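Report on the structure given below.
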There are 4 protein chains.
Amino acid sequence: MDEIREECGVFSIGLFTSGKRNGFLAHRVYSGLLALQHRGQESAGIAVNEERVIRCHKGMGTVQEVFDEDTLQHMDQCSIAVGHVRYSTSGVSEPQNAQPLLVKHVKGQLAVCHNGNLVNSDKLRRELELSGCIFHTTSDTEVISYIITRCRLKTESIEEAVSLAMDQLKGAYSLVLMSPAKLIACRDENGFRPLVMGRREDGAIVFASETCALDAVGASFERELQPGEIVIADGEGVRSIWTHCGRKPEKLCLFEYIYFSRTDSRLRGLSVQQYRRESGKCLAREFPAEADAVIGVPDSGLDAALGFSEESRIPFSFGLIRNRYVGRTFIAPEQETREQLVRMKLNPVLSAVKEKRVVLVDDSLVRGTTSAYIIHLLKAARAAEVHMRISSPPFLNPCYYGTDIDSRENLMACRHSVEEIRKIIGADSLAFLPLNTAKSLCGRGAHPDVCTACFDGDYPEL
Amino acid sequence: MDEIREECGVFSIGLFTSGKRNGFLAHRVYSGLLALQHRGQESAGIAVNEERVIRCHKGMGTVQEVFDEDTLQHMDQCSIAVGHVRYSTSGVSEPQNAQPLLVKHVKGQLAVCHNGNLVNSDKLRRELELSGCIFHTTSDTEVISYIITRCRLKTESIEEAVSLAMDQLKGAYSLVLMSPAKLIACRDENGFRPLVMGRREDGAIVFASETCALDAVGASFERELQPGEIVIADGEGVRSIWTHCGRKPEKLCLFEYIYFSRTDSRLRGLSVQQYRRESGKCLAREFPAEADAVIGVPDSGLDAALGFSEESRIPFSFGLIRNRYVGRTFIAPEQETREQLVRMKLNPVLSAVKEKRVVLVDDSLVRGTTSAYIIHLLKAARAAEVHMRISSPPFLNPCYYGTDIDSRENLMACRHSVEEIRKIIGADSLAFLPLNTAKSLCGRGAHPDVCTACFDGDYPEL
Amino acid sequence: MDEIREECGVFSIGLFTSGKRNGFLAHRVYSGLLALQHRGQESAGIAVNEERVIRCHKGMGTVQEVFDEDTLQHMDQCSIAVGHVRYSTSGVSEPQNAQPLLVKHVKGQLAVCHNGNLVNSDKLRRELELSGCIFHTTSDTEVISYIITRCRLKTESIEEAVSLAMDQLKGAYSLVLMSPAKLIACRDENGFRPLVMGRREDGAIVFASETCALDAVGASFERELQPGEIVIADGEGVRSIWTHCGRKPEKLCLFEYIYFSRTDSRLRGLSVQQYRRESGKCLAREFPAEADAVIGVPDSGLDAALGFSEESRIPFSFGLIRNRYVGRTFIAPEQETREQLVRMKLNPVLSAVKEKRVVLVDDSLVRGTTSAYIIHLLKAARAAEVHMRISSPPFLNPCYYGTDIDSRENLMACRHSVEEIRKIIGADSLAFLPLNTAKSLCGRGAHPDVCTACFDGDYPEL
Amino acid sequence: MDEIREECGVFSIGLFTSGKRNGFLAHRVYSGLLALQHRGQESAGIAVNEERVIRCHKGMGTVQEVFDEDTLQHMDQCSIAVGHVRYSTSGVSEPQNAQPLLVKHVKGQLAVCHNGNLVNSDKLRRELELSGCIFHTTSDTEVISYIITRCRLKTESIEEAVSLAMDQLKGAYSLVLMSPAKLIACRDENGFRPLVMGRREDGAIVFASETCALDAVGASFERELQPGEIVIADGEGVRSIWTHCGRKPEKLCLFEYIYFSRTDSRLRGLSVQQYRRESGKCLAREFPAEADAVIGVPDSGLDAALGFSEESRIPFSFGLIRNRYVGRTFIAPEQETREQLVRMKLNPVLSAVKEKRVVLVDDSLVRGTTSAYIIHLLKAARAAEVHMRISSPPFLNPCYYGTDIDSRENLMACRHSVEEIRKIIGADSLAFLPLNTAKSLCGRGAHPDVCTACFDGDYPEL
């Protein structure tokens with residue numbers, strides 16, 4: 001329940017049809033970023049090309065806080081626009097870390113948007129500094145920009161520079177970047193983070209982190225980028241560089257299915273919502289409970305809860321109401337209990353809970369504190385029993401690929417058995433979705449091709 | 001689906017325990033108003049007493065936009081605080097119409113918060129003007145303040161003035177008001193709008209439009225105010241004036257059950273969520289459909305949809321995803337279709353809809369345009385059939401008691417038969433909940449004691 | 001030196017030529033108010049008529065802070081516009097006290113702008129409250145609006161209502177007000193505050209507190225309003241009501257010459273700058289000093305200093321530099337001395353001061369603290385001697401007519417002799433302009449027709 | 001009259017006394033920057049060290065717009081603070097170009113503030129880019145930061161890096177920079193831009209562009225930095241590196257005397273005000289006029305006008321009043337004449353001008369348009385004659401050292417003789433201060449040691 005934060009979302013659009021004057025591209029990116037807002041709410045930004053010069057507007061806050069009509073209108077006259085929403089996983093939360101990162105180098109300008117996390121950025125940064133480089137930000141994106149720029153000196157084109165740079169970049173990266181004339185998208189060789197391609201009827205080509213952002217701009221889904229693929233779109237058309245494809249096993253982040261991606265997105269052809277509903281069904285089969293009602297923690301636990309209900313035939317119920325007007329900056333008296341704070345966002349429905357045995361479904365459990373508060377709320381509303389079901393395996397290892405799944409000290413499951421956790425959070429029973437079940441739901445049979453490092457410590461070789 | 005707007009929400013708190021220095025009352029009102037934000041998002045305000053002077057802070061926008069920590073802290077040292085969130089039903093949307101309305105009169109100061117709509121405000125305003133009164137606002141609240149103030153000249157106390165004023169006020173009003181020393185709440189003789197009383201463990205007495213706001217400040221529900229009741233809270237305790245009670249039949253707005261109130265609130269002992277779920281069950285019984293999935297229009301149609309699913313045994317599904325990051329000020333290119341705009345907020349889930357016969361449940365249908373767009377979205381996602389079910393009767397008459405249910409020209413059901421509407425919105429079948437069914441769900445048997453004027457034109461005598 | 005604050009400034013314009021569509025009237029008022037900004041910087045506002053409805057925009061801050069291009073453009077399409085800048089003399093500094101005050105009454109709307117101070121406003125307010133009136137503000141303007149509104153009930157036209165109201169209003173008031181069709185200006189019977197009329201080449205008629213505001217909008221000066229005069233401008237032309245003229249002796253505020261009015265304005269045909277220069281010459285004649293340089297406290301003391309220099313033949317010098325970028329909200333560490341704060345605004349020029357005997361000229365002395373700091377600054381810059389000359393008489397009485405000249409406790413001259421003041425502020429000599437001299441400079445011979453109550457306690461009969 | 005813009009102002013302070021906890025250093029820099037605000041109003045910024053990490057706050061706008069109390073308080077706990085105000089001479093006006101520039105490099109962090117303009121920045125930038133550097137800004141400051149950073153790799157300390165870097169930097173630069181532990185100031189070998197050192201009584205060492213900023217923070221002037229000097233202040237004390245001193249002839253910008261520096265500053269021991277007054281006297285001697293009044297264009301022409309008056313015995317007069325409330329963002333109707341715009345800022349005083357022969361003194365003449373408007377205003381106020389005197393020589397060449405004196409096409413004197421200019425601007429006579437006179441006023445006899453390139457094209461060898 002909102003305890004883990006996704007890293008970032010990227011969106012870009014190019015419209016190279018010569019006749020077209022105003023494709024409202026900045027407005028499109030705005031719409032696309034809004035659809036990806038769940039992937040990052042700390043900062044937002046858009047860069048566009050204007051008569052071969054790239055201009056950028058970005059700021060701290062949500063897409064709607066950063067952009068107004070005036071700003072968008074002044075950026076609409078372009079053939080390429082790239083955008084970004086961000087949480088900070090590496091790099092502190094400071095204005096200069098907002099993306100797109102716009103840099104000038106010897107062959108021109110470059111705007112870079114990055115979703116993911118490099119594992120060798122410290123090493124690369126140190127090498128660059130030792131050769132006299134200075135850094136304005138603490139983000140991986142600046143390292144990536146440097147590497148691409150350096151490669152650009154040895155190559156004929158920006159796409160070749162990207163290709164050359166990929167040899168040095170280790171870790172997770174789904175990138176969209178633009179030169180004044182080219183829109184480029186690429187995905188790391190393991191394909192940790194999703195990246196899809198779509199097309200609008202007016203001919204505009206779109207790259208986005210998730211399919212729901214294609215829907216948001218009226219683009220039809222074309223395909224996912226392959227792990228390692230580079231796609232170039234410009235006045236000449238759309239083409240790919242495949243040289244980095246197939247070098248490494250695909251490792252799409254399993255947690256994209258479980259929590260990060262929006263429920264109306266599709267990952268490798270599979271509906272995210274369907275995955276979650278199935279995970280709830282599996283929980284019901286593997287860890288049934290005698291109960292009167294199934295409740296999901298809104299919004300991320302609702303799909304699995306519905307699946308649990310379908311399988312178990314225990315009625316599904318909206319037993320917790322989320323106040324959707326409570327924004328990030330909620331103010332409370334200092335002495336207020338954490339419980340009261342949770343209550344401002346989540347309120348139990350008495351009639352749905354009172355004197356009932358409740359199955360409570362959530363997508364994950366990190367520190368366990370929020371789960372404890374919710375269970376306490378339900379019991380205060382006189383729920384007879386609370387059986388907690390988590391639609392993911394326990395977190396046992398930190399993630400290095402672009403999420404903030406934390407060091408082991410903060411992961412409750414590292415320090416406690418399931419039974420201990422149950423006691424601490426005050427549940428009457430507790431179960432997690434087994435990892436094998438979670439993997440099997442990806443619909444790829446024996447080769448789920450997903451990264452499960454945070455669950456089993458099986459970090460991909462990079 | 002968000003087409004009808006509630007008028008207002010009121011919240012107030014008084015803490016008269018002498019020893020207590022800082023009861024964080026402004027913070028409490030802030031929390032209470034946040035819980036009532038669905039009742040009005042145009043303006044928000046809080047007034048507090050400070051050493052016998054009333055101070056007020058208000059502005060255009062949501063509670064979180066209008067208030068920051070600093071402002072609240074500077075208002076916390078008080079014994080009474082009243083607050084208001086507002087849509088404009090009478091009175092245009094202008095800053096000076098924001099509430100609480102703070103006035104000075106011969107016996108002191110008064111801050112007034114009003115939920116409802118007077119039916120004789122034009123007459124009263126005219127009479128006041130003819131006696132030389134000037135008006136700064138176009139809101140009923142100023143008329144009410146004048147009437148109370150005039151009555152204050154002839155009475156010994158502010159509560160007597162309120163009582164005397166009630167003889168002149170016709171229509172719907174749930175009021176909370178404060179003098180520097182007293183907190184007063186009252187409800188019109190028909191009880192059109194809800195108003196409840198609660199108490200916190202620290203002894204603070206709370207009045208609020210809905211029970212969910214009591215939950216939000218950790219207050220336990222005590223009781224609803226009776227139609228016509230005046231409750232006074234001050235250093236002497238809590239007492240009521242009952243002289244206006246029982247004069248007229250109770251006429252609680254039926255639409256509070258159907259749409260206005262939050263699903264976790266309770267009205268006259270009945271869970272709002274339960275009402276809505278039952279209404280969905282009735283629809284399923286009275287207007288069944290052969291279908292593969294039941295979908296609710298989020299968020300207001302979800303409860304009834306779940307009820308429909310339970311009764312019909314057709315699986316419930318989250319087939320439409322609401323982007324909860326899209327605020328009121330969404331920006332789109334001018335040429336953008338209205339359909340695209342709806343899509344920014346609502347996106348169908350392909351796997352839930354494709355090639356399926358869908359029952360689509362919404363709480364009401366006003367102009368019909370949004371319903372048409374949603375059905376179009378579902379069909380574009382290749383829904384095989386869309387059977388629309390509305391969990392309220394058709395609107396046939398304007399409301400004069402504090403909602404913006406409009407003149408007959410804008411009410412689709414006034415100009416078209418159900419079959420015609422079905423064709424216009426593109427549904428494969430369409431049904432509304434019959435009025436008698438809706439009334440029977442209130443749980444009061446032969447005397448539902450609700451106002452149904454917007455459905456049947458049965459305007460209460462006032 | 002900025003210790004006394006003027007009350008307010010008013011500006012209005014009407015353009016009734018039928019053919020004209022857009023006279024940019026809101027822009028004109030903006031320009032006019034900017035020219036009057038020295039008369040009030042706490043709030044600013046403009047009201048305009050639009051298709052017979054009056055619309056108002058106002059806020060806290062300077063004209064440039066309150067208005068932007070967008071706001072002005074949306075108000076330009078009108079035939080009448082009135083505006084106001086304000087300090088609070090009566091009425092605390094709160095948003096709702098900002099003017100124009102826009103009220104609705106039985107015969108329509110009224111926007112009122114007031115410069116001055118009523119002496120019987122408490123009495124009027126009490127009477128109104130006793131008849132049931134409520135007040136939203138603490139300003140005299142609301143009282144005036146009430147009185148006019150009540151008179152309107154008994155009269156045929158708004159101008160007659162104003163005329164009738166004048167019988168009840170006691171004290172200082174220069175008003176501009178508008179109904180949806182008429183622009184009205186009037187001045188109290190004593191003419192305490194200035195009010196002038198001008199005309200632009202496009203036919204627009206202008207009323208303003210000072211002639212410098214006519215210059216600012218390219219209007220030529222036509223004449224001052226007579227004390228007691230009411231001028232009405234509308235589609236029928238321009239006409240006056242003279243019934244209140246000549247009833248009382250003229251009492252233009254002498255301090256308008258000395259400090260309030262802008263140096264490029266003209267009062268009753270006399271250049272304000274010339275008055276101030278002559279006052280410096282008189283000081284030089286009556287209180288000469290042996291010195292090497294004459295320095296004025298910028299900006300208000302510069303004219304008199306120049307006059308002193310001319311008469312005494314001691315060279316004038318810009319010995320104190322004012323930092324014109326330091327706005328009202330200057331921030332300093334809390335422990336900072338008041339002296340350091342003054343220094344942020346005023347810095348002595350070493351070469352102009354060092355080892356020199358200096359004559360320091362300022363327009364007035366209220367509490368004496370600022371003068372003491374300035375003299376200390378000059379001595380720290382090694383001025384050999386500082387001879388202070390004040391171009392006004394000592395303040396001995398509070399003002400009740402619209403300035404914040406304070407109660408006697410705060411007026412240094414009430415508690416100390418000139419010699420004592422000299423010692424306290426650290427000057428080597430000190431002299432004030434005698435009252436008779438000050439009066440004689442008005443150029444009206446034996447009958448200067450000015451209010452000198454703050455100097456001699458000779459309060460006009462009202 | 002405000003036609004030429006200074007480049008930038010720098011201010012810094014270090015307080016290394018170990019015992020001291022809070023030296024209010026951020027507040028001090030704020031005060032210092034306010035005193036230097038005339039040198040740049042586009043952006044402002046402050047960087048401070050905090051536990052060996054440098055933190056920076058900057059933004060577009062004036063010092064008072066960018067900083068509030070809260071921000072300053074959170075930056076006060078430091079031992080070093082550097083600040084900057086900026087106009088863009090090289091580098092467009094964009095947020096990322098605001099200074100201080102904060103960079104991270106292999107040996108740590110660096111914050112750099114720059115006043116001046118490099119002449120070889122394009123070359124340096126190109127070389128850096130060719131070695132793979134990327135640029136985030138278009139300002140020289142980033143180039144300087146790179147060069148210093150690269151030198152840092154080869155040296156033992158930051159001061160040695162600065163010294164080494166100076167071998168590569170060509171042009172005008174007065175720098176203040178900080179590492180987490182050291183405050184460093186340096187001046188280019190020609191000393192184009194001023195830079196002074198002072199000390200507060202609490203032991204804080206201060207570097208500032210002008211002496212007026214020392215006064216503003218209560219620091220006493222110690223000395224100017226020598227051209228080529230590097231001063232280092234840290235916990236060990238204050239010391240200099242002199243190796244770059246004496247290599248090149250001193251070339252202090254002559255226009256600092258004429259216009260850029262504040263009139264209460266001192267340059268090389270000479271009072272700026274005195275220089276300007278003397279220049280007026282010289283004009284009166286060399287180009288006398290038969291006239292009744294001498295008027296200066298406020299504020300920059302006032303000193304020279306006073307000098308002209310003193311020498312010619314023609315009375316000085318404040319004949320033009322500047323509205324000091326008109327900020328940068330003045331709004332006017334689009335069809336408004338440029339003349340009306342000038343009038344909003346400058347209004348002639350009728351009594352001072354009417355039927356008089358006027359000498360009008362301004363500091364410089366660039367495009368001539370503003371002068372023409374002012375003369376037109378004076379003639380419209382019925383000045384009998386206007387004799388224009390410019391207290392600087394005509395501009396004939398662009399400046400490459402940090403001012404925006406423009407390309408020859410925009411310099412009126414490049415395309416027209418003095419007589420032609422006189423006719424164009426409508427003056428009755430016109431004269432410029434001869435260059436030799438201007439140079440002789442610097443008080444250095446045969447070797448004025450000033451840069452006069454913009455007047456005579458004598459660009460210093462670099």
Side-chain angles (χ1 to χ4, degrees), chain B residues 45 47 53-60 91-92 94-112 121-139 141-155 161 164-165 168 177, chain C residues 45 47 53-60 91-92 94-112 121-139 141-155 161 164-165 168 177:
Chain B
V53 172
I54 302 180
R55 210 156 59 81
C56 181
H57 180 85
K58 54 189 178 180
M60 302 305 283
V92 281
E94 288 191 356
Q96 70 270 23
N97 279 352
Q99 299 191 25
L101 185 70
L102 179 58
V103 300
K104 292 155 208 80
H105 60 98
V106 69
K107 301 279 177 73
Q109 279 185 300
L110 198 66
V112 183
S121 71
D122 284 353
K123 181 171 156 289
L124 292 172
R125 180 178 281 261
R126 184 113 198 123
E127 286 169 7
L128 288 163
E129 285 178 344
L130 280 169
S131 75
C133 289
I134 58 178
F135 286 87
H136 294 240
T137 77
T138 54
S139 74
T141 317
E142 195 174 8
V143 174
I144 294 173
S145 303
Y146 255 120
I147 301 291
I148 293 175
T149 298
R150 300 223 150 184
C151 292
R152 183 73 184 83
L153 291 174
K154 309 175 207 155
T155 53
L164 202 55
Q168 295 181 59
L177 49 90
Chain C
V53 171
I54 302 180
R55 210 157 59 82
C56 182
H57 180 86
K58 55 189 177 179
M60 301 306 282
V92 283
E94 289 191 356
Q96 70 269 24
N97 279 351
Q99 299 191 24
L101 185 71
L102 179 58
V103 299
K104 292 156 207 80
H105 60 98
V106 69
K107 302 280 177 73
Q109 280 184 301
L110 197 66
V112 183
S121 69
D122 284 353
K123 182 173 154 288
L124 293 172
R125 179 178 281 259
R126 184 114 198 119
E127 286 169 7
L128 287 163
E129 285 179 344
L130 280 170
S131 75
C133 288
I134 57 177
F135 286 87
H136 295 239
T137 77
T138 55
S139 75
T141 317
E142 194 174 9
V143 174
I144 294 173
S145 303
Y146 255 120
I147 301 290
I148 293 175
T149 299
R150 301 224 150 181
C151 293
R152 185 71 184 86
L153 291 174
K154 311 172 204 158
T155 53
L164 202 56
Q168 295 180 59
L177 49 90

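Keep in mind that what you see is a predicted model, and the values were worked out from it rather than measured. Chain letters run A, B, ... following the sequence lines, proteins first and then strands; every chain starts at 1.
- Contact of Leu102(B) with chain C is made through the backbone alone, with heavy-atom distances under 4.5 Å.
- The backbone N or O of His136(C) lies less than 3.5 Å from a partner atom in the side chain of Lys104(B), making a donor-acceptor pair.
- Residue Gln109(B) does not touch chain C at all, counting heavy-atom pairs closer than 4.5 Å.
- The backbone N or O of Thr137(B) sits less than 3.5 Å from a side-chain atom of Glu142(B), completing a donor-acceptor pair.
- The side-chain heavy atoms of Val106(C) and Arg152(C), taken from C-beta on, include no pair separated by under 4.5 Å.
- In this structure, chain C has a heavy atom under 4.5 Å from the side chain of Leu101(B), while its backbone stays farther away.
- Using a 4.5 Å heavy-atom cutoff, the side chains of Tyr146(B) and Leu124(B) are not in contact.
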